[in-house]
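Report on the structure given below.
All values reported here derive from a predicted model rather than from experimental measurement.
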Amino acid sequence: MKKLLFMILMLTPIAVMAQKFGHVNTQDIIQAMPEYTKAKNEIDALQKQYEADLKSMQDELQKKSQDYEANEKTLPDNIKQRRQQELQEMYQKIQQSYQDNQQALAKASQEKMSAITAKVVDAIKQVGDAGGYVYIMELNGGIPYISNTLSTDVTAQVKTKLGLK
């Protein structure tokens with residue numbers, strides 16, 4: 001019985017050494033994907049549109065503010081109050097639009113990137129299953145050290161699986 005236990009303990013390190021580990025650079029993969037380029041261009045276009053809309057609103061506010069300041073001394077008090085209120089409302093509308101635009105950009109970016117990320121994760125799983133890997137770790141995931149001799153870089157395999165060069 002002692003000999004059997006001894007043999008099992010001796011073979012355990014060999015079994016552990018036979019396991020395959022991999023690492024992957026998903027940022028490199030994602031940036032090589034045409035879907036990423038398309039999503040980035042769409043988000044950039046949306047951001048430019050939002051910036052143009054805000055600039056237009058700010059220009060209008062500035063114009064009305066300058067007009068108010070130029071005519072302030074000649075206006076009756078009730079009209080002064082109404083114009084001040086209008087300017088305040090325009091300013092608040094601009095602030096609200098800015099916040100809404102930021103939220104919309106974040107949501108659009110998250111939606112587009114989640115589909116891309118899911119595609120990459122699926123390809124990593126397929127490479128892992130096909131290659132018999134125990135783990136495939138993200139190279140940029142905060143792991144302080146990954147041995148190139150004990151871990152295989154599967155980035156190229158995942159790119160091939162996704163049809164990328």
Side-chain angles (χ1 to χ4, degrees), residues 21-129 133-148 151-165:
F21 299 94
H23 56 274
V24 66
N25 185 342
T26 55
Q27 285 179 334
D28 186 39
I29 295 167
I30 289 172
Q31 290 176 352
M33 296 175 71
E35 295 96 326
Y36 172 76
T37 305
K38 181 181 176 199
K40 186 175 181 332
N41 290 340
E42 289 173 1
I43 295 297
D44 289 347
L46 189 60
Q47 184 174 6
K48 286 179 183 177
Q49 177 188 348
Y50 288 157
E51 287 173 357
D53 292 346
L54 280 174
K55 174 132 178 52
S56 171
M57 292 170 73
Q58 289 170 339
D59 290 346
E60 183 181 352
L61 174 63
Q62 185 175 4
K63 182 181 174 187
K64 285 191 176 193
S65 178
Q66 288 172 348
D67 182 54
Y68 170 75
E69 288 174 5
N71 298 320
E72 177 181 15
K73 293 180 180 172
T74 61
L75 295 174
D77 286 343
N78 63 340
I79 295 177
K80 279 185 193 178
Q81 289 177 343
R82 188 174 58 212
R83 293 227 177 125
Q84 288 173 351
Q85 181 68 28
E86 287 174 5
L87 292 172
Q88 183 65 29
E89 288 172 2
M90 286 179 73
Y91 178 74
Q92 289 173 349
K93 184 179 177 183
I94 290 171
Q95 286 183 324
Q96 185 63 47
S97 292
Y98 176 78
Q99 290 174 356
D100 292 346
N101 292 350
Q102 292 301 313
Q103 289 174 353
L105 277 173
K107 183 179 178 184
S109 179
Q110 191 272 333
E111 287 173 356
K112 291 178 186 305
M113 288 307 297
S114 66
I116 293 168
T117 303
K119 190 173 179 180
V120 171
V121 168
D122 187 47
I124 292 170
K125 287 178 183 178
Q126 290 175 17
V127 167
D129 288 342
Y133 290 93
V134 176
Y135 293 107
I136 296 180
M137 296 166 267
E138 168 58 44
L139 190 60
N140 299 317
I143 300 170
Y145 172 73
I146 295 178
S147 170
N148 288 333
S151 176
T152 306
D153 187 353
V154 296
T155 303
Q157 294 172 354
V158 174
K159 282 183 173 182
T160 301
K161 186 62 97 173
L162 290 169
L164 304 171
K165 293 182 179 183

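- Considering CD of Glu86 and CD1 of Ile79, their distance stands at 10.0 Å, rounded to 0.5 Å.
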Q. Can Lys63 and Asp59 be said to form a salt bridge (charged side-chain N to carboxylate O under 4.0 Å, His left out), step by step?
A. CA-CA 6 Å; Lys63 182 181 174 187; Asp59 290 346; over 6 Å; no
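- Not a single donor-acceptor pair under 3.5 Å links the side chain of Ser56 to the backbone N or O of Ala52.
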Q: Evaluate the side-chain hydrogen bond (donor to acceptor under 3.5 Å, both in side chains) criterion for residues Gln85 and Glu89: first the C-alpha distance (whole Å), next the side-chain angles of each, then the deciding distance (0.1 Å), finally the verdict.
A: CA-CA 6 Å; Gln85 181 68 28; Glu89 288 172 2; 3.1 Å; yes
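- In terms of heavy atoms, Ile29 sits closest to Lys159 at CG1-CG, 3.9 Å.
- Taking every heavy atom of both residues into account, Ala123 and Val158 meet most closely at CB-CG1, 3.9 Å.
- Side-chain N/O atoms of Gln81 and Asp77 include no donor and acceptor closer than 3.5 Å.
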(Q) Determine whether Glu42 and Lys112 satisfy the following criterion, salt bridge (charged side-chain N to carboxylate O under 4.0 Å, His left out), listing intermediate values before the conclusion. (A) CA-CA 10 Å; Glu42 289 173 1; Lys112 291 178 186 305; 2.6 Å; yes
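- Taking CD1 of Ile124 as the reference point, atom CE of Met137 lies at 12.0 Å (rounded to 0.5 Å).
- The two residues Gly128 and Ile136 have their closest heavy-atom pair at CA-CD1, 3.6 Å.
- Between Ala104 and Tyr50, the shortest heavy-atom distance links the atoms CB-OH, 3.5 Å.
- The side-chain heavy atoms of Tyr135 and His23, taken from C-beta on, include no pair separated by under 4.5 Å.
- No donor-acceptor pair under 3.5 Å is formed between the side chain of Asp122 and the backbone N or O of Ala118.
- With a 6.0 Å radius and a threshold of 12 heavy atoms from other residues, nucleotides or ligands, Lys119 has its NZ atom at or below the threshold.
- With values rounded to the nearest 0.5 angstrom, Ser109 atom OG is found 8.0 Å from Leu105 atom CG.
- Here the straight-line distance linking atom CG of Asn101 with atom CD1 of Ile94 works out to 11.5 Å at 0.5 Å rounding.
- Here the closest heavy-atom approach between residue Leu164 and residue Ala32 is recorded as CD2-O, 3.6 Å.
- Taking NZ of Lys64 as the reference point, atom CE of Met90 lies at 5.0 Å (rounded to 0.5 Å).
- Across every non-hydrogen atom of Ser151 and Gly22, the tightest pair is OG-C, 3.3 Å.
- Between the side chain of Glu138 and the backbone N or O of Thr26 there is at least one donor-acceptor pair closer than 3.5 Å.
- A salt bridge links Asp44 and Lys40; the closest N-O separation between the charged side-chain nitrogens and carboxylate oxygens is under 4.0 Å.
- Panel note: side chain Thr117, backbone Met113; a donor-acceptor pair is recorded below 3.5 Å.
- From Leu54, atom CG reaches atom CD of Gln95 across 11.0 Å, with rounding to the nearest 0.5 Å.
- The environment of OH in Tyr68 is crowded: more than 12 heavy-atom neighbours from other residues, nucleotides or ligands sit within 6.0 Å.
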